[in-house]
Amino acid sequence: MISRRALTVVTSRACAKRSMSDAPKMHKAKDVWASIEATRPKDDHPHNVFHPPYNKFVAAFLVGGVVVFGYGSMYMGMRHQQYKQGYWK
């Protein structure tokens, strides 16, 4: 079991605020960033999510389908609420 004195000391040190006279803690990685980047492998081909060429018909169909589905779901939800609450008969 931890003694009360030891617990008090540890708690006060862990919760104590840093005095304003202390220098701020600096990140060390920025000092060695050039050497870190030098060790990375060269990436000749960026791995993008989408690679052209795109089929314009398929892209237009998908975009149109999303718009129609989004509008339709909002309209049907609104229509359901109007009928449910008695505004429309």
Side-chain angles (χ1 to χ4, degrees):
M1 175 122 186
I2 299 175
S3 70
R4 182 174 173 85
R5 170 87 178 125
L7 186 62
T8 304
V9 170
V10 169
T11 307
S12 66
R13 286 183 184 160
C15 298
K17 289 185 176 181
R18 188 167 45 92
S19 69
M20 295 302 288
S21 62
D22 289 346
K25 295 179 181 177
M26 303 300 289
H27 296 286
K28 304 296 183 197
K30 70 177 184 175
D31 300 331
V32 294
W33 188 252
S35 64
I36 292 173
E37 278 190 326
T39 60
R40 289 183 177 171
K42 301 294 183 222
D43 190 14
D44 298 330
H45 174 69
H47 298 281
N48 299 329
V49 177
F50 300 109
H51 295 282
Y54 305 111
N55 186 341
K56 291 182 181 180
F57 176 74
V58 173
F61 180 76
L62 288 175
V63 169
V66 167
V67 170
V68 167
F69 179 77
Y71 178 80
S73 62
M74 290 286 102
Y75 177 78
M76 293 304 287
M78 184 263 312
R79 180 178 178 269
H80 170 72
Q81 288 297 323
Q82 295 290 55
Y83 276 112
K84 184 175 102 174
Q85 295 172 4
Y87 294 112
W88 291 357
K89 302 282 180 190

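The structure displayed is predicted, hence computed values, not measured ones.
Within a 6.0 Å radius of OH in Y71, no more than 12 heavy atoms belonging to other residues, nucleotides or ligands are found.
Interatomic distance, CE of M76 versus CZ of F69, reported as 11.5 Å (0.5 Å rounding). Atom CZ of residue R40 and atom OG of residue S35 lie 11.0 Å apart, to the nearest 0.5 angstrom.
The two atoms that bring W88 and Y83 nearest to each other are O-CD2, 3.4 Å, heavy atoms only.
Within the hydrophobic cluster formed by Ile, Leu, Val, Met, Phe, Trp and Tyr side chains joined at under 4.5 Å, directly or through other members, W33 is accompanied by V32, I36.
L62 has its side chain within reach of V58: a pair of non-hydrogen atoms, C-beta onward, lies under 4.5 Å apart.
By the side chain to side chain donor-acceptor pair (under 3.5 Å) test, Q81 is found to be paired with Q85, residues two or more places apart in sequence or in another chain being considered.
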